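Keep in mind the model is a prediction, meaning the values are calculated, not measured. Below, all heavy atoms of this structure are taken into account, side chains as well, without hydrogens, waters or symmetry copies.
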Amino acid sequence: MNPARRTTPAATTATAVVLATAGALLSTAAPVASAATTCNSPVYKRQFFANTALSGAPKRTDCDSAIAENWGAKAPATGLPKDNFGIRWTVTRDFGSGGPFALTAAAQDGIRVYLDGKIKVNLWKNVTTTQKKTLNLTIPSGKHTLRIDYANFTGNANVNFAYTPRTSASVDKVKPLAPTAPTVTYDKTTGKAKLTWAKNNEMDLGGYRVYRRLTGSSYPSTPLATTPATSYTDTTLPVTGAAYDYSVRAYDKAGNESAGSADKSVTTVDRVAPAVPAGLAITDRSEADGLRLGWSAAAEATSYRVYRADSESGTYTAVGSTDQLSYQDASATVGTTYYYRVSSLDAAGNESGRSTTVSGSRWDQTPPPVVTGLTVTPTEYGFALSWDTNPAPDVSQYVVYAGQIIRDEEDPEGDSVCYAHQAEWLMPEVTSYNYPTLPDGVERCFLVDVYDTSWNSPWVQTRSGHVVSATELDMTPTVPTPEDSPVQLSAATGPDGQVVLNWNSVADATGYQVYRWNPETEAYEKLALTTTGTSYSETAAKGTTHFYWVTALFADGSESAPGGDSAVLRP
């Protein structure tokens, strides 16, 4: 608020100048200046009039930051009367998204309030005490002009006016406007991103919320930061080479949040080294080709660097690099032990730490011959496998692979694929294996691979081997197990040919009945009656598959539907 007596008038009148000419006095008045007064919103432009109609040219024009005056019985400014004067305040400002406002007016004598030329408050009369009024109204979004006319007719003069947003959450349901003109700059040296945006025009602005997301994902519900300023520096960006989006939202004092600003994106520098390679091992020691190293893939790695030393604690020198998961060191001297470590590199050139050390020397890389003579015989417990003794003199182990045959449903007579897994590792003197599985008529496939003492394998190195397929016996009981039993039964193989049954406790059951399938009678036959427990075990015949039922017994003599399971016993 600028009191009238302390403001600089927009138009000033020069004082009279008295000149001496030829022994006489000549009085000359300077012309009145009429320069326009400009007041920057939200400051009011104030005009003083020497009448209550606010007509004619104003006697004085200046700027006023607030309407809060009490002149008493005095004139409001030099050159104005103490009675019958008028003052007009005008301001045009941006109300942002608008919303509910309170207009408070108090004056002695008259006051009128206009919004965009339409009168909203009219207390225009000569009074002996201050008259007051508060008006609640909704102001639309955007720019609007307020005009306040005041008149003092006689007596004391005072005037107050204010317009303030109503910020109660129960009243204000208008969201602020989204922040505009967002920009983002990224400093590759520091890895920081600085966001800026234009100041929001909301009068009830609470602040801004900054959101960040990985490009392609959704923004989180929790903001990255909250700030009253129109800029924010993100010091928490991961330096991983990924792209991130930013959006800024404004919120008001009632808790309403705006829509997000336009997205602004940055792509970070990548300073994160990839993972250290794991599982480093010497997989080949060929006298002809050199030492072969292998390791597991490291996350984010695009290539690997191989280091070698003459002793475990010696100096490791890079001997080669590769984008594969193995490396052949052809420069290694036969019979010399070397020590190796491997690091990984990503696309940005970041290098990981080095792996653990392995050592070895060049030696045989020729795999044993492919295993021959594999036979697969379906049995009541699964399959019996046997094969010829491998002629290689340095056989160290056999590996049994077991899997299933996958055929094209539209061309069942066409090519098939064996999807197999390692089922068992066996000593070199063992040339047979009993593979357990539930015999229910599924076609399965088998391969037996062989390793020598240098870890050479025809299957691993050349994918050479003989796959044999066979179809299981179908020992599925002809009496199906119901699906609606309250008993959940599990059967497991215990030591020394035992079968161990366990099941859940059934509400109101007084006992449980155990059954075992008899393929000769094609019926489930009672084995035992358990009155308290929820488990049962028995020593069963080996080399076959046993099927069991368990039912719950109740006090009224009824018996529940059975729950079933099976147990496979190898010979």
Side chains of T437 and V568: closer than 4.5 Å at any heavy-atom pair?
no

Taking E202 for the side chain and G96 for the main chain, is one N or O donor matched with an acceptor at less than 3.5 Å?
no

Sequence-distant partners of Q422, side-chain contact (heavy atoms from CB on, under 4.5 Å), two or more places apart:
V399, Y401, W425

Provide the closest heavy-atom pair for N256 versus P176 in the form atom of the first, atom of the second, distance.
O-CD, 3.5 Å

If you take all heavy atoms of V370 and G465, which pair is closest and at what distance?
CG1-CA, 3.5 Å

Distance-only polar pair, side chains of N434 and Y381, donor-acceptor under 3.5 Å:
yes

Distance-only donor-acceptor pairs under 3.5 Å for side chains of residues 390-397, two or more places apart:
residue, atom, partner, partner atom, Å
N390, OD1, A392, N, 3.0
N390, ND2, P369, O, 2.8
S396, OG, Y451, O, 3.1
S396, OG, D452, O, 3.0

Would you call E300 and V272 a side-chain contact if the rule is heavy atoms closer than 4.5 Å?
no

For T268 and T240, what are the C-alpha separation, side-chain angles and deciding distance, and is it a side chain to side chain contact (heavy atoms under 4.5 Å, CB included)?
CA-CA 6 Å; T268 62; T240 59; 4.2 Å; yes

Would the distance check show the side chain of R308 and the main-chain N or O of Y338 forming a donor-acceptor pair, the cut-off being under 3.5 Å?
no

Do S265 and D245 make a side-chain contact, defined as non-hydrogen atoms from C-beta onward lying under 4.5 Å apart?
yes

Does the side chain of S359 reach to within under 4.5 Å of the side chain of E312, using non-hydrogen atoms?
no

Both conditions, 6.0 Å and 45 degrees, for the charged tip of R213 above the ring of Y219: are they met here?
yes

Return the minimal non-hydrogen interatomic distance between G191 and L237, and the atom names on each side.
O-CB, 3.9 Å

Inter-residue atom distance S326.OG - Y304.OH, 0.5 Å rounding
11.0 Å

Would you call D187 and K192 a salt bridge, using N to O less than 4.0 angstrom?
no

Does V319 offer a backbone N or O that forms a donor-acceptor pair with the side chain of Y327 under 3.5 Å?
yes

Donor-acceptor check, side chain of S355 to backbone of G279, threshold 3.5 angstrom: yes or no?
no

Mind checking the CG-NZ spacing from N201 to K199? Nearest 0.5 Å is all I need.
6.5 Å

Checking side chain to side chain contact (heavy atoms under 4.5 Å, CB included) for the pair R212/Y246: CA distance, chi angles, key distance, verdict?
CA-CA 5 Å; R212 185 186 74 194; Y246 290 95; 3.7 Å; yes

Does D204 offer a backbone N or O that forms a donor-acceptor pair with the side chain of D252 under 3.5 Å?
no

Hey, does the side chain of T267 reach the backbone of A243 with a donor-acceptor pair shorter than 3.5 angstrom?
no

Does S97 use its side chain to pair, donor to acceptor, with the backbone of S141 at less than 3.5 Å?
no

Rounded to the nearest 0.5 Å, how far apart are CG of L438 and CG of L473?
11.0 Å

Flag, side chain of N504 to backbone of Q488, donor-acceptor distance under 3.5 Å:
yes

For a side chain to side chain donor-acceptor pair (under 3.5 Å) with Y340, tell me which candidate from T357, D329, T356 qualifies.
D329

Going by ring pair (Phe, Tyr, Trp, His ring centres under 6.0 Å), name the pairs with one or both residues in residues 175-206, residues two or more places apart or in two chains.
W197-Y208

Answer yes or no: is there a side-chain heavy-atom contact under 4.5 Å between K264 and L195?
no

A quick test of your reading: do over 12 heavy atoms of other residues, nucleotides or ligands sit less than 6.0 Å from CD of E483?
no

Reported CZ-to-CG distance for the pair R354 and L280, which is rounded to 0.5 angstrom:
13.0 Å

Taking all atoms of both residues into account, what is the closest heavy-atom pair of P277 and G353, and its distance?
CD-O, 4.3 Å

What residues form a side-chain contact (heavy atoms from CB on, under 4.5 Å) with T372, not counting sequence neighbours?
D388, H466

L325 side chain reached by S296 side chain, heavy atoms, under 4.5 Å
no

For E257, what residues pass the salt bridge (charged side-chain N to carboxylate O under 4.0 Å, His left out) criterion, not counting sequence neighbours?
R209, R249

Can you see whether F383 has R444 sitting over its ring - NZ or CZ less than 6.0 Å from the centre and within 45° of the normal?
no

At what distance, to the nearest 0.5 angstrom, does CD1 of I406 lie from CD of E443?
9.5 Å

Over all heavy atoms of both residues, which pair between D565 and A491 is shortest? Give the atoms and the distance, please.
OD2-N, 2.7 Å

For the side chain of S352 and the backbone of S344, is there at least one donor-acceptor N/O pair under 3.5 Å apart?
yes

Pairs touching residues 327-429 that satisfy disulfide bond (SG atoms under 2.5 Å apart), sequence neighbours left out:
C418-C445

For the residue pair S566 / T545, report whether a side-chain donor-acceptor contact shorter than 3.5 Å exists.
no

Could you give the distance from CD (E351) to CG (L345), rounded to the nearest 0.5 Å?
4.5 Å

Hey, are the side chains of D263 and S247 touching, using non-hydrogen atoms and a 4.5 Å cut-off?
yes

Flag the pair T493 / R570 as yes when at least one side-chain heavy-atom distance between them is below 4.5 Å, and no otherwise.
no

Could you pull out the closest heavy-atom pair between A242 and L214, with the gap in Å?
CB-CD1, 3.7 Å

With no hydrogens and no angle check, is any side-chain donor or acceptor of S457 less than 3.5 Å from a backbone partner on V460?
yes

Quick one: do D310 and Y339 satisfy side chain to side chain contact (heavy atoms under 4.5 Å, CB included)? Show the steps, please.
CA-CA 6 Å; D310 294 332; Y339 296 81; over 6 Å; no

Taking the cut-offs as 6.0 angstrom to the six-membered ring centre and 45 degrees off its axis, would you call R93 and F95 a cation-pi pair?
yes

Give the C-alpha distance, both sets of side-chain angles, the deciding distance and a yes or no for side chain to side chain contact (heavy atoms under 4.5 Å, CB included) between V248 and Y232.
CA-CA 10 Å; V248 184; Y232 173 75; over 6 Å; no

Please tell me whether T92 and T145 have a donor and an acceptor in their side chains that are separated by less than 3.5 angstrom.
yes

Aromatic ring pairing Y435/F446, orientation class (parallel under 30°, perpendicular over 60°, tilted between):
perpendicular

